[in-house]
Chemist: 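Sharing a structure here in structure tokens format.
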Amino acid sequence: MAADSAPGSAADELITAVIVDDHAAIAAGVRAWCSEAVPRIDLIDAGDRLADVWTGPGAAADVVIFDLELVPRRPDFGELRRLVDNGRRVIVYSQHTDDATAIKCVDLGALAYLTKREGPEHLVPAIRAAARGEPYTGPSLSGALVADDAPGRPRLSQRETEVLRAWFVSSSKELVAVKLNITVKTVDTYIARVRVKYANVGRAARTKSELVGRALDDGLITLAELNQTVTSL
């Protein structure tokens, strides 16, 4: 974490996170970790109130720390999808340790999946990474990805595909944001998620040209579409 505290780094800017968890002890522990981080992270405690993620201070938080199972035995993948589809940068922080749950959350667009056995040495850097729109792979997710035998084509959401295609035929992310009526930050978040998914299947795409190549290979876009001249959005 030394890089996080380097003078003049992006981490010097105050990061805000909102935690949604029905266990007060978990939220209190995360608050302590965030306050002790250097630089500190401002944590908003929404308790088990999902509405507080969408209104008030939680609506503007850089990162959502989401307990997947606010209701016992009912993991809320639908709410995770809703958060992701609205451009929120989500870390799932869950008691579930099975590989299938971790993989599903990443496929839905979570930037990190951590179990509650993984403490501040993983949650704090995961929050910093998510605030930048970048993934974080902790031990539990790493193990799940190694065990995953899914085919090499990543499972992109409809919105991820839409943003990706718009970016490929646009000269800037600003134009994509205007066309899709979202912010540039949200565009960045969707593209980051797509990169994560390609990296997770062993097909890293670090540049735009590499990502275009992956999309062509997978039939997400055609050469004819890429060759079109976009004069306005």
Side-chain angles (χ1 to χ4, degrees), residues 4 10-72 74-96 101-102 104-106 108-116 118-120 122-136 138 157 159-160 163 177 180-193 196:
D4 285 335
D12 290 335
E13 299 178 8
L14 180 63
I15 292 171
T16 58
V18 57
I19 184 168
V20 189
D21 197 298
D22 60 336
H23 294 93
I26 295 292
V30 173
R31 179 181 297 280
W33 299 341
C34 289
S35 65
E36 294 166 2
V38 180
R40 74 180 180 86
I41 296 166
D42 187 16
L43 187 74
I44 300 161
D45 183 4
D48 61 356
R49 302 176 301 277
L50 282 168
D52 287 5
V53 175
W54 301 101
T55 61
D62 299 308
V63 178
V64 178
I65 305 169
F66 181 54
D67 179 0
L68 189 64
E69 195 171 289
L70 294 172
V71 177
R74 289 179 58 187
D76 199 345
F77 295 110
E79 186 63 26
L80 174 58
R81 183 187 296 276
R82 181 185 173 210
L83 287 164
V84 168
D85 286 348
N86 280 273
R88 302 302 295 271
R89 297 174 174 183
V90 183
I91 296 170
V92 175
Y93 197 47
S94 174
Q95 71 269 29
H96 288 275
T101 298
K104 183 169 183 177
C105 289
V106 172
L108 287 172
L111 288 173
Y113 184 94
L114 296 173
T115 70
K116 291 181 179 178
E118 294 167 306
H122 294 292
L123 184 56
V124 169
I127 294 171
R128 297 207 193 285
R132 298 190 298 267
E134 298 173 357
Y136 180 87
S157 71
R159 191 59 161 169
E160 287 166 348
V163 171
L180 300 181
N181 194 30
I182 56 180
T183 66
V184 175
K185 181 179 178 180
T186 301
V187 173
D188 283 332
T189 297
Y190 278 116
I191 294 171
R193 288 187 191 133
V196 171

Chemist: Which heavy atom of A112 sits nearest to which heavy atom of A126, and what is that distance?
Modeler: CB-CB, 4.3 Å
Chemist: Heavy atoms only: give me the nearest P135-A129 pair and the separation to one decimal.
Modeler: O-CB, 3.7 Å
Chemist: Step by step, work out the side-chain contact (heavy atoms from CB on, under 4.5 Å) result for Y93 and V30.
Modeler: CA-CA 11 Å; Y93 197 47; V30 173; 4.1 Å; yes
Chemist: As an exercise, state the distance from CD1 of I182 to CZ of R159, rounded to the nearest 0.5 Å.
Modeler: 5.0 Å
Chemist: Any idea which heavy atoms bring V18 and R88 closest together, and the distance?
Modeler: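 Closest approach of V18 to R88: CG1-NH2, 4.3 Å.
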Chemist: Give me the atom names and distance for the closest heavy-atom approach of I19 to A27.
Modeler: CD1-CA, 4.1 Å
Chemist: Partners of E36 by side chain to side chain donor-acceptor pair (under 3.5 Å), sequence neighbours excluded?
Modeler: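 None.
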Chemist: Kindly write out the residues that satisfy side chain to side chain donor-acceptor pair (under 3.5 Å) with K116, not counting sequence neighbours, or none if the list is empty.
Modeler: D21, D67
Chemist: How would you list, by chain and number, every residue that makes a side chain to side chain donor-acceptor pair (under 3.5 Å) with T183, sequence neighbours excluded?
Modeler: T186
Chemist: At their closest point, which heavy atom of T16 faces which heavy atom of A60, and how far apart are they?
Modeler: OG1-O, 4.0 Å
Chemist: For residues 77-87, which side-chain N or O atoms pair as donor and acceptor with protein atoms under 3.5 Å away, sequence neighbours left out?
Modeler:
from : atom 1 : to  : atom 2 : distance (Å)
E79  : OE2    : W54 : NE1    : 3.2
N86  : ND2    : R82 : O      : 2.8

Chemist: Please list all pairs passing the salt bridge (Lys or Arg N to Asp or Glu O under 4.0 Å) test where one or both residues lie in residues 50-66, with sequence neighbours left out.
Modeler: R49-D52, D62-K185
Chemist: Would you call D76 and L50 a side-chain contact if the rule is heavy atoms closer than 4.5 Å?
Modeler: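 SC-SC contact between D76 and L50 confirmed.
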Chemist: Show the nearest heavy-atom pair for residues A192 and G133, with the distance to one decimal.
Modeler: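 Result for this residue pair: CB-O, 2.6 Å.
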Chemist: Enter the distance from I127:CD1 to L111:CG here, rounded to the nearest 0.5 Å.
Modeler: 12.5 Å
Chemist: Checking R31 now: which residues fulfil side chain to side chain donor-acceptor pair (under 3.5 Å) with it, not counting sequence neighbours?
Modeler: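 Not a single residue meets the side chain to side chain donor-acceptor pair (under 3.5 Å) criterion with R31.
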Chemist: Is Y136 reaching over with its side chain to a backbone N or O of L123, donor-acceptor style, under 3.5 angstrom?
Modeler: no
Chemist: Is the closest side-chain heavy-atom distance between R193 and V163 below 4.5 Å?
Modeler: no
Chemist: Are side-chain heavy atoms of V63 and I41 found at a separation under 4.5 Å?
Modeler: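 Contact flag for V63/I41 side chains = no.
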Chemist: If we check side-chain hydrogen bond (donor to acceptor under 3.5 Å, both in side chains) with T189, which of these qualifies: R132, R89, E134, E160?
Modeler: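 Exactly one candidate clears the test, R89.
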Chemist: Within this structure, what is the OG1-CD distance for the pair T115 and Q95, rounded to the nearest 0.5 Å?
Modeler: 10.0 Å
